[in-house]
Peer 1: 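Have a look at this one.
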There are 2 protein chains.
Amino acid sequence: MTAQKMAVLRALQEAGPTHPTAETVYALAKRHLPSIALGTVYRNLSKMSESGEIVKIPVPDGPDRFDAEISDHMHILCVCCGKIYDIDEKNVRVEISGVPEGAELLHFDIMAKCKCPDCKSKN
Amino acid sequence: MTAQKMAVLRALQEAGPTHPTAETVYALAKRHLPSIALGTVYRNLSKMSESGEIVKIPVPDGPDRFDAEISDHMHILCVCCGKIYDIDEKNVRVEISGVPEGAELLHFDIMAKCKCPDCKSKN
DNA sequence: CTTTAGATTAGGAATGATTCCTAATCTTGT
DNA sequence: ACAAGATTAGGAATCATTCCTAATCTAAAG
């Protein structure tokens with residue numbers, strides 16, 4: 001456990017439910033550890049999301065986002081402003097059949113899209 | 001309707017259910033129209049997916065894939081070899097609640113992940 | 001069948017996100 | 001304290017994709 005990894009984790013926790021990009025995590029982490037490098041942030045985010053300590057959220061047409069909240073939940077993205085909301089897993093049900101013969105289903109990435117309240121009113 | 005757009009569409013149709021990348025579409029299109037440029041392929045794929053003529057499939061940690069089949073269906077990706085299978089929409093049911101107050105739900109991107117039969121046996 | 005305005009193209013440079021490289025530094029177990 | 005291995009900073013490199021520009025093509029109107 002290095003100071004850099006702690007700084008990344010702390011930054012992600014401070015970000016709360018804003019689902020920051022790696023760049024944003026970098027900016028936040030720099031406040032506590034000004035010497036930290038962007039590559040270090042990427043590497044720690046990658047490793048932690050592989051190990052399950054955090055969650056990586058791939059976004060079509062945009063940089064990946066990250067989440068310190070690892071409880072089972074899905075995300076809903078505002079296509080106008082890019083804000084990401086959490087939706088608790090118990091509010092989602094997915095049923096699927098017709099999976100190819102012999103394939104082992106591993107898991108789902110569900111990314112819903114919406115126009116968020118702010119963007120609806122601004123529009 | 002230009003020769004380039006036709007070549008892209010034709011390439012995508014020839015690719016069948018292989019869900020090719022833009023690079024692969026480029027290679028296929030070049031066979032019929034050797035002068036076509038990669039940027040032209042990207043632009044035509046973008047425009048056609050925006051207009052709904054084709055489908056763009058964003059893949060986490062990989063280049064986008066494309067599909068000439070526009071009937072409502074979802075995709076399942078083998079995490080080992082990157083192959084993408086189609087799953088008919090009628091085999092999928094998604095129910096969701098707890099959408100943020102005032103948000104307008106637009107649609108879902110569902111990308112399931114599996115280990116495909118080939119990869120299971122090779123393993 | 002010309003004209004012409006607007007769209008599209010080829011080719012390559014530029015961008016954005018991310019990974020890779022290397023020497024230097026740190027961490028951890030002993 | 002010390003060696004072995006992991007991690008870091010900094011920057012170069014990579015990959016997918018978009019952007020730029022002058023040249024070419026398309027389609028609609030005469």
Side-chain angles (χ1 to χ4, degrees), chain A residues 1-12 15 18-51 53-67 75 77 79 81-82 84 109 111, chain B residues 1-12 15 18-51 53-67 75 77 79 81-82 84 109 111:
Chain A
M1 170 63 71
T2 66
Q4 285 82 355
K5 176 173 172 183
M6 284 199 317
V8 169
L9 203 48
R10 182 172 168 190
L12 196 54
T18 62
H19 308 92
T21 63
E23 283 282 355
T24 304
V25 172
Y26 173 55
L28 292 172
K30 240 174 150 38
R31 290 204 210 146
H32 301 300
L33 187 61
S35 67
I36 198 170
L38 180 56
T40 302
V41 171
Y42 270 103
R43 183 165 21 74
N44 277 294
L45 288 172
S46 283
K47 288 175 74 172
M48 286 193 280
S49 61
E50 269 168 42
S51 72
E53 290 170 86
I54 65 172
V55 174
K56 169 168 149 180
I57 310 162
V59 176
D61 306 316
D64 291 344
R65 311 277 285 265
F66 296 88
D67 197 344
H75 297 103
L77 169 79
V79 295
C81 67
I84 293 183
D109 283 342
M111 167 63 83
Chain B
M1 173 62 73
T2 66
Q4 286 82 356
K5 176 174 173 180
M6 284 200 315
V8 168
L9 202 47
R10 182 171 170 192
L12 197 53
T18 61
H19 308 92
T21 63
E23 283 283 353
T24 303
V25 172
Y26 174 56
L28 292 172
K30 240 173 148 42
R31 290 205 209 143
H32 301 300
L33 186 62
S35 67
I36 199 170
L38 180 57
T40 302
V41 172
Y42 271 103
R43 184 165 21 73
N44 277 294
L45 288 172
S46 283
K47 287 175 76 172
M48 286 193 281
S49 60
E50 269 168 42
S51 73
E53 290 170 86
I54 65 172
V55 174
K56 169 169 149 180
I57 310 163
V59 176
D61 305 315
D64 291 344
R65 313 276 286 265
F66 296 89
D67 197 344
H75 297 103
L77 169 78
V79 293
C81 66
I84 293 183
D109 284 341
M111 167 62 83

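Below, read A as the first sequence line, B as the second, and so on, with proteins coming before strands; counting in each chain starts at 1. Because only heavy atoms are used, hydrogens play no part in the values below, and waters and symmetry mates are left out as well, while side chains stay in.
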Peer 1: Below 4.0 angstrom, which residues in residues 33-46 of chain A have at least one non-hydrogen atom near DNA chain D?
Peer 2: A:S35, A:I36, A:A37, A:T40, A:R43, A:N44

Peer 1: Here's a test of your reading of the structure: between B:A3 and B:A22, which maps to the more 5' nucleotide of DNA chain D?
Peer 2: B:A22

Peer 1: Measure from OH on B:Y26 to P on C:dT9 and round the result to the nearest Å.
Peer 2: 14 Å

Peer 1: Expressed as a whole number of angstroms, how long is the span from A:E23:CD to C:dT18:P?
Peer 2: 9 Å

Peer 1: Go through the steps for A:D109 and A:K56 under the test salt bridge (Lys or Arg N to Asp or Glu O under 4.0 Å), then give the verdict.
Peer 2: CA-CA 11 Å; A:D109 283 342; A:K56 169 168 149 180; over 6 Å; no

Peer 1: Does either side chain, that of A:T21 or that of A:E23, offer a donor lying less than 3.5 Å from an acceptor on the other one?
Peer 2: no

Peer 1: Side chain of B:Q4 only, heavy atoms from C-beta on: which candidate in D:dT8, C:dT18, C:dA10 is closest?
Peer 2: C:dA10

Peer 1: Compare the minimum distances between each of C:dT8, D:dT17, D:dT7 and the side chain of B:K47, then state the nucleotide with the smallest one.
Peer 2: C:dT8

Peer 1: With side-chain hydrogen bond (donor to acceptor under 3.5 Å, both in side chains) as the test, pick out the partner of A:H19 among A:D64, A:D67, A:T24.
Peer 2: A:D67

Peer 1: Tell me whether B:S49 contacts the main-chain N or O of B:L45 through its side chain, where contact means a donor paired with an acceptor under 3.5 Å.
Peer 2: yes

Peer 1: Let me know the distance between CE of A:M1 and C1' of D:dT7, rounded to the nearest Å.
Peer 2: 13 Å

Peer 1: With a cut-off of less than 4.0 Å, is there a side-chain N or O of A:T21 near OP1 or OP2 of C:dA17?
Peer 2: no

Peer 1: Does C:dA7 have OP1 or OP2 sitting under 4.0 Å from an N or O in the side chain of B:T2?
Peer 2: no

Peer 1: Checking side-chain contact (heavy atoms from CB on, under 4.5 Å) for the pair A:S35/A:L33: CA distance, chi angles, key distance, verdict?
Peer 2: CA-CA 6 Å; A:S35 67; A:L33 187 61; 4.1 Å; yes

Peer 1: With side-chain contact (heavy atoms from CB on, under 4.5 Å) as the test, would you mind laying out the steps for B:Y26 and B:I36 before giving the verdict?
Peer 2: CA-CA 8 Å; B:Y26 174 56; B:I36 199 170; 4.2 Å; yes

Peer 1: For A:P20 and A:L12, work out which heavy atoms get closest and say how close.
Peer 2: CG-CD1, 3.6 Å

Peer 1: Starting at CD1 of B:I57 and ending at P of D:dA16, how long is that distance when rounded to a whole Å?
Peer 2: 16 Å

Peer 1: Let me know the distance between CG of A:D64 and P of C:dG16, rounded to the nearest Å.
Peer 2: 17 Å

Peer 1: Both B:K5 and B:D61 contact DNA chain C. Taking the nearest nucleotide for each, which residue is further toward the 5' end?
Peer 2: B:K5

